[in-house]
There are 2 protein chains.
Amino acid sequence: MSSLKDKILNTATDLFQTRGINSTGVDTIVAIAGTTKMTLYKHFHTKEGLIIEVLNKSQHDFHHWLDNKLNTNSKVPSDKIKQLFDFIEEWITSPKFLGMGFIKASAEFPNEENPIHQLSSKQSREFRQYISKLASEANVKDADGLALQLSLLFEGAVQAEQMKRGSGAIKYAKKAAKILIDGAINA
Amino acid sequence: MSSLKDKILNTATDLFQTRGINSTGVDTIVAIAGTTKMTLYKHFHTKEGLIIEVLNKSQHDFHHWLDNKLNTNSKVPSDKIKQLFDFIEEWITSPKFLGMGFIKASAEFPNEENPIHQLSSKQSREFRQYISKLASEANVKDADGLALQLSLLFEGAVQAEQMKRGSGAIKYAKKAAKILIDGAINA
DNA sequence: GATAAAAGTGACAGGTCTGTATATATGCAA
DNA sequence: TTGCATATATACAGACCTGTCACTTTTATC
């Protein structure tokens, strides 16, 4: 894969997060990435295509990072779900955290028919299913229910952090998650 | 107050929610409101001014509706906070619910220096303080902590509903809220 | 060094955006 | 009737947007 394609992808990811997707023009992206529109449009047919690749890469990076953290720290299923919010906290409080792409994208493209909105919705659903798998492996009875609740706390905490950097909301999300997880495991 | 100003305000509120703020031009707003740009710019000096008035009105309407519901249903503080998510559910599942303005606005204007972002952040904080007041009246020890947790559930549920209408996330948010509230009251 | 692929340049088409200018019409009060 | 505020219609300036064009330069491979 061309390194210029990566450069464009990374630059776009950054600009979309810090300035908004609709507010970031392709001219700005190529200027900062140090390339030209011709090159951008060779790798991504449209701006929408670029947005979709940015969202996919962001989600893949997050998912890969989290899955790796969880699996290298413990093999015991109930420990894994209990540690989930420790790693989410690590992710959110990292200096390079700029927000979750799919949360912002769904707000910028509110129409449910829009491909970008649909992708956002799919990513949110897939993350919830990932948590649900963790929960069912830990023998939680209503795994989908707990997963949904934890994903609400997660998305709420991300939202809070996007509104005000260093809000500390994640600390309380973690406490709430512990209460809900303990309650569900002992049910 | 001019009824045309209200018409513009209501039309803009609707369009911002259904199409996004940046994706909605003033030409579209005046065309649908049945007036002209001259009139719009007489009432709102800039588009930013219009956005800010839309956000303020939306938040005021929500707050007024919720406060009224809570106060007419019960005078017992611990009942009020326990009923909070019942009314939030009523609000979110109402057919006319199109999302929360301040959540979408903060995503479209991610820069913390931006006046619109700052207003969103302020509205989120004020809502949290409102819940905190409910909690402390119900003799919750860590009222701010519980309020933050409930607001995470609230914003997460709104986010989920904005992503997929009829997601049913609010039902599980409600259950989680009950667990957290009961735990906090009996602490 | 020849050849081909990749990237760069600069201009441009066609559209949208915010905000303004000018000139006209309407309703109401004195 | 006259005067005035309000709203209308229409055109426009200037900036930005996405995406394309023809053409040139660099880079890599044989």
Side-chain angles (χ1 to χ4, degrees), chain A residues 1-56 101 104-105 107-111 113-117 119, chain B residues 1-56 101 104-105 107-111 113-117 119:
Chain A
M1 160 140 11
S2 157
S3 87
L4 264 178
K5 181 172 181 181
D6 283 344
K7 195 89 198 290
I8 293 170
L9 216 42
N10 291 333
T11 304
T13 303
D14 213 80
L15 290 172
F16 287 166
Q17 290 286 357
T18 54
R19 305 186 188 185
I21 300 173
N22 281 316
S23 304
T24 303
V26 288
D27 285 303
T28 308
I29 297 170
V30 297
I32 295 181
T35 181
T36 62
K37 278 204 281 193
M38 283 306 305
T39 305
L40 186 149
Y41 279 102
K42 199 157 285 174
H43 290 295
F44 313 93
H45 292 132
T46 61
K47 189 187 176 184
E48 184 175 288
L50 170 61
I51 297 169
I52 286 175
E53 285 211 39
V54 163
L55 287 178
N56 277 328
K104 288 183 177 171
E108 290 213 54
F109 303 91
N111 187 337
E113 312 286 305
N114 183 291
I116 297 169
H117 185 99
L119 176 59
Chain B
M1 160 137 15
S2 157
S3 86
L4 263 178
K5 180 173 182 179
D6 282 345
K7 195 89 198 290
I8 293 170
L9 216 42
N10 291 333
T11 305
T13 303
D14 214 80
L15 290 172
F16 287 165
Q17 289 287 356
T18 54
R19 304 186 188 185
I21 300 173
N22 281 315
S23 304
T24 303
V26 288
D27 286 302
T28 307
I29 297 169
V30 297
I32 295 181
T35 181
T36 61
K37 277 204 281 192
M38 283 306 302
T39 305
L40 185 148
Y41 279 101
K42 198 156 284 176
H43 291 295
F44 313 93
H45 293 132
T46 61
K47 190 188 176 183
E48 185 175 287
L50 170 61
I51 297 169
I52 285 174
E53 285 212 39
V54 163
L55 288 177
N56 276 329
K104 288 183 178 173
E108 290 214 54
F109 303 90
N111 187 337
E113 313 285 307
N114 184 292
I116 297 168
H117 184 99
L119 176 58

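Every chain is numbered from 1, with letters handed out A, B, ... down the list of sequences. Just the heavy atoms: all of them, side chains too, but no hydrogens, waters or symmetry mates, feed the values below.
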- In whole Å, what is the span from the CG atom of L40(A) to the P atom of dA6(C)? 16 Å
- Query: Does T39(B) place a side-chain N or O at less than 4.0 Å from the phosphate oxygens OP1/OP2 of dT6(D)?
  - Reply: no
- Close side-chain approach of K37(A) to V30(A), heavy-atom, < 4.5 Å: yes
- Closest non-hydrogen atom pair, P115(B) against E48(B): CG-OE2, 3.6 Å
- For D27(A) and dC12(C), what is the distance between atoms CG and C1' respectively, to the nearest whole Å? 13 Å
- Query: Hey, does T28(A) reach any base, or is it just sugar-phosphate, or nothing, if we go heavy atoms under 4.0 Å?
  - Reply: nothing
- Query: Do E53(A) and H43(A) touch side chain to side chain, with heavy atoms closer than 4.5 Å?
  - Reply: no
- Which of T35(A), D27(A), I8(A) passes side-chain contact (heavy atoms from CB on, under 4.5 Å) with L40(A)? Answer is I8(A)
Contact list (N/O, under 3.5 angstrom) for nucleotides 10-15 of chain D vs protein:
none

- Using whole Å, report how far NZ of K42(A) lies from C1' of dT20(D). 12 Å
- Task: Begin from the C-alpha positions of L119(A) and I51(A) and carry the test side chain to side chain contact (heavy atoms under 4.5 Å, CB included) through to its verdict.
- Result: CA-CA 10 Å; L119(A) 176 59; I51(A) 297 169; over 6 Å; no
- Task: Calculate the interatomic distance between K5(B) atom NZ and dT6(D) atom P; express it in whole Å.
- Result: 13 Å
- Query: Does some side-chain heavy atom of I52(B) sit less than 4.5 Å from a side-chain heavy atom of I116(B)?
  - Reply: yes
- Query: Looking at dT20(C), dT20(D), dA7(D), which one has an atom nearest to any side-chain atom of Y41(B)?
  - Reply: dT20(C)
- Message: With side chain to side chain contact (heavy atoms under 4.5 Å, CB included) as the criterion, how do T11(B) and D14(B) come out once you've worked through the C-alpha distance, each side chain's angles and the decisive distance to 0.1 Å?
- Response: CA-CA 5 Å; T11(B) 305; D14(B) 214 80; 5.8 Å; no
- Task: Enumerate the residues from residues 13-21 of chain B whose closest heavy atom to DNA chain C is under 4.0 Å, giving them by residue number; use none for an empty result.
- Result: none
- Item | Chi angles and distances behind the side chain to side chain contact (heavy atoms under 4.5 Å, CB included) call for F16(A), L55(A) | CA-CA 10 Å; F16(A) 287 166; L55(A) 287 178; over 6 Å; no
- Query: Would N22(A) and F109(A) count as a side chain to side chain contact (heavy atoms under 4.5 Å, CB included) if you check the C-alpha gap in whole Å, the side-chain angles of each, and the deciding distance to 0.1 Å?
  - Reply: CA-CA 9 Å; N22(A) 281 316; F109(A) 303 91; 3.8 Å; yes
- Message: Between I21(A) and V54(A), is there a side-chain heavy-atom distance shorter than 4.5 Å?
- Response: no
- Task: Give the rounded distance in Å between these two atoms: CG of D6(B) and C1' of dT6(D).
- Result: 16 Å
- Message: Looking at K47(B) and V26(B), would you say the former's side chain and the latter's main chain have a donor-acceptor pair under 3.5 Å?
- Response: no
- So, is H43(B) close to the dT6(D) phosphate, meaning a side-chain N or O under 4.0 Å from OP1 or OP2? no
- Between residues 44-52 of chain B and DNA chain C, which residues have a heavy-atom gap below 4.0 Å? T46(B), K47(B)
